[in-house]
Structures are given as structure tokens and as C-alpha cells.
Protein chains: 2
Amino acid sequence: MSLTNAEETLMQILWKKERAFMKDIIEAYPEPKPATTTIATLLKRMQDKDFVDYIQYGRSREYFPLVAKRDYFSKHVNGLIKNFFNNSATQFASFFTEETNLSKKELEALKKIINDQIKTK
Amino acid sequence: MSLTNAEETLMQILWKKERAFMKDIIEAYPEPKPATTTIATLLKRMQDKDFVDYIQYGRSREYFPLVAKRDYFSKHVNGLIKNFFNNSATQFASFFTEETNLSKKELEALKKIINDQIKTK
DNA sequence: TTTATTACTCTACATTTGTAGAATTAAAAA
DNA sequence: TTTTTAATTCTACAAATGTAGAGTAATAAA
């Protein structure tokens with residue numbers, strides 16, 4: 001199962017903080033801050049989905065992500081590739097470089113990355 | 001506004017077919033096929049969102065997408081980049097090449113694309 | 001022309017999602 | 001120790017989403 005928008009927003013906070021108590025989470029939200037019960041509900045749902053767990057410290061909990069951002073994201077991208085480019089990563093890559101308007105500098109950097117990748121094959 | 005999952009699935013069909021009558025759409029679905037009223041509802045919602053329009057031919061309609069797959073997808077990717085890589089396309093690209101397990105051949109192809117891109121800058 | 005078929009609109013309804021109040025509890029502050 | 005505050009759970013509820021039946025109209029087939 002996957003995260004809803006509200007859950008994903010919360011997840012971003014957890015990924016950034018690595019672990020956080022309720023108050024840290026609320027603090028991380030911009031105004032208007034959500035009610036703490038709202039966050040509690042989301043956290044519970046995310047626990048049910050096995051995206052989050054916590055350690056009990058005294059009376060409150062330190063929450064942390066069970067899923068690495070990288071992995072979560074990877075599934076995302078692969079889904080996109082599957083859906084929009086009938087599974088061709090190259091097609092996607094080509095689209096990507098054309099579309100995202102990278103600067104010359106960025107393109108050079110990317111080229112370097114690719115070169116390194118090629119060497120490992 | 002953006003498409004829901006069910007709508008996006010339908011949209012994929014329209015993108016592929018470019019335009020289609022109700023029966024073509026239903027046909028494109030795998031078993032178990034949705035009820036035609038289900039599709040009608042989705043189409044109407046998509047019209048409200050300005051994602052789809054149609055031409056009336058006699059008593060039925062030929063539907064077509066108002067939004068190019070490319071554009072729709074572009075927003076998607078840019079959203080991902082914004083959300084997961086604090087807006088750094090390079091960071092995303094790097095992640096992408098590492099994660100998607102491209103073959104040497106694909107990497108070479110990608111490198112070529114990038115080279116061409118660089119030349120135009 | 002009568003009948004069957006198809007597409008469309010309206011309405012409905014269960015589920016999921018976003019959001020939060022009320023009640024409870026425990027810890028922290030006074 | 002009494003009071004305040006913060007975190008949690010329960011419950012609720014409106015809006016969005018997925019899905020489709022009933023009714024209607026128009027066309028195609030008989």
C-alpha cells in the first residue's frame with residue numbers, strides 16, 4: 001500500500017528529522033499548523049501500513065520511518081516509468097533530460113555520473 | 001487539479017488511442033471490465049477538470065485528451081523532484097541512474113543524449 | 001415500425017482521505 | 001500536591017474517490 005498526500009507530507013518530515021516526537025513534527029509544519037490529533041491519526045494510519053514505528057520514551061513516543069526515502073522514491077519512479085514509458089528507462093531518461101531544462105553545468109555533472117556508472121559495468 | 005488513479009488509468013487509454021468512443025474505451029480495459037456508467041462518470045469528472053473533451057458524432061461521442069501525456073508527465077516528475085530532492089534535478093538524475101539499473105548500452109545511449117543536449121547550450 | 005442495443009445523465013453508496021473535537025492520561029510546572 | 005500541558009485514543013464527519021444501478025433517449029436491427 002502507498003501513502004496518501006497528507007501522509008507523504010508527514011513522511012517527508014520524518015525522513016528529514018530521522019526521528020521525531022509529536023512536538024517536533026508539529027513544529028516542522030508551516031502555519032496553519034494541523035491539530036495534534038490530526039497528526040496522531042495520520043501516524044496511526046502510517047503505522048498500520050508499516051511505514052512508521054516508534055519507541056516509547058516515558059509517556060511519549062519517538063517516531064521514525066520504517067521505509068527509506070530512497071526505496072520509497074525508487075518505487076515511485078519505477079511506477080512512473082512503467083506507466084508512462086511502457087517500462088523503458090531509457091525512454092524515460094531521454095524525456096527527463098529534454099524536459100527538465102538542466103543547465104550546461106548540470107548536464108556535465110550528469111555526464112560524469114553516467115561515465116562512472118559505465119565504468120562499473 | 002490532478003487526476004485520481006482511476007482517472008489516470010483511463011487517461012492512459014486515451015493517450016494511447018488518441019481518441020476513442022465509449023466502446024473502444026471499455027474494450028481497452030482488461031477483465032473484469034468496468035461498467036459503462038463507471039467510465040461515463042470518470043469521463044465527466046475529467047471533463048470538469050479540463051483533461052478531456054469530445055466531439056459529438058450522431059448520438060455518441062469521440063473522446064480525446066486535452067492534456068498531452070508529455071506535459072502531464074512533466075508536471076509529475078517536477079513534483080517528484082521538488083518533493084524528494086529539494087528541487088535539485090541533478091540530484092534526481094544521479095539517483096535515477098544509480099537506481100534504475102540501466103544496462104551499459106542504455107547508459108551509453110543516455111550519454112549520447114546528454115552530449116547532444118550539451119551541444120545546444 | 002417495433003424491438004433491442006448503446007451511450008449518456010442522475011443518483012447513490014461504500015471506502016478512503018483529510019481534519020479535528022472530546023476524553024483520558026501522564027508528566028511537568030507551580 | 002494541585003494544576004496545567006502535552007500526547008494519545010476514540011469518535012466523527014465532510015469531501016473525494018471508485019463503482020455502478022435506474023432511467024432516458026436515440027439509433028440500429030428485425
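Chain identifiers are assigned alphabetically (A, B, ...) following the order of the sequence lines, protein sequences preceding nucleic acid strands; residue numbering begins at 1 within each chain. Because the structure is a prediction, the values reported are computed rather than measured.
Between A:Glu62 atom CD and D:dA7 atom P there is a gap of 13 Å when expressed in whole angstrom units. If you measure from atom CZ of B:Phe21 to atom P of D:dA28, you get 12 Å, rounded to the nearest angstrom. Separating the NZ atom of B:Lys33 from the P atom of C:dT6 is a distance of 14 Å, rounded to the nearest angstrom. One atom, CD of B:Gln56, and another, C1' of D:dT27, lie 13 Å apart when rounded to the nearest Å. The CG-C1' distance, from A:Leu43 to D:dC10, rounds to 16 Å in whole Å. One interatomic measurement links the two molecules: CG of B:Asp24 to P of C:dC8, which rounds to 11 Å at whole-angstrom precision. Taking atom NZ on B:Lys23 and atom C1' on C:dT5, their separation rounds to 13 Å, with Å as the unit. In this structure, the OH atom of A:Tyr57 is 15 Å from the P atom of C:dA28, given to the nearest Å.
The salt bridge (Lys or Arg N to Asp or Glu O under 4.0 Å) search around B:Glu106 returns none, not counting sequence neighbours. Looking at residues two or more places apart in sequence or on another chain, you find no salt bridge (Lys or Arg N to Asp or Glu O under 4.0 Å) involving B:Arg19.
In this structure, B:Asp48 places its CG atom where more than 12 heavy-atom neighbours from other residues, nucleotides or ligands lie under 6.0 Å away. Other residues, nucleotides and ligands contribute at most 12 non-hydrogen atoms within 6.0 Å of the CD atom of B:Glu18. Heavy atoms of other residues, nucleotides or ligands lying less than 6.0 angstrom from CG of B:Asp71 number more than 12.
Each of A:Phe51, A:Tyr54, A:Tyr57 was evaluated against A:Tyr63; a single residue qualifies, A:Tyr54, per the ring-ring contact (aromatic ring centres under 6.0 Å, His included) test.
OP1 or OP2 of C:dT9 has at least one side-chain nitrogen or oxygen of B:Arg61 nearer than 4.0 Å. Side-chain N/O atoms of B:Tyr63 include one lying less than 4.0 angstrom from OP1 or OP2 on C:dC8.
Across all strands, A:Tyr54 comes closer than 4.0 Å to no nucleic acid atom at all (heavy-atom distances).
Scanning all heavy atoms of the two residues, the minimum distance from A:Met22 to A:Ile39 falls at SD-CG2, 3.8 Å.
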Q.
So if I define the base as every atom that isn't primed, P, OP1 or OP2, how would nucleotides 10-18 of chain C read as a B/S/- string at a heavy-atom cutoff under 4.0 Å?
A. -------BB
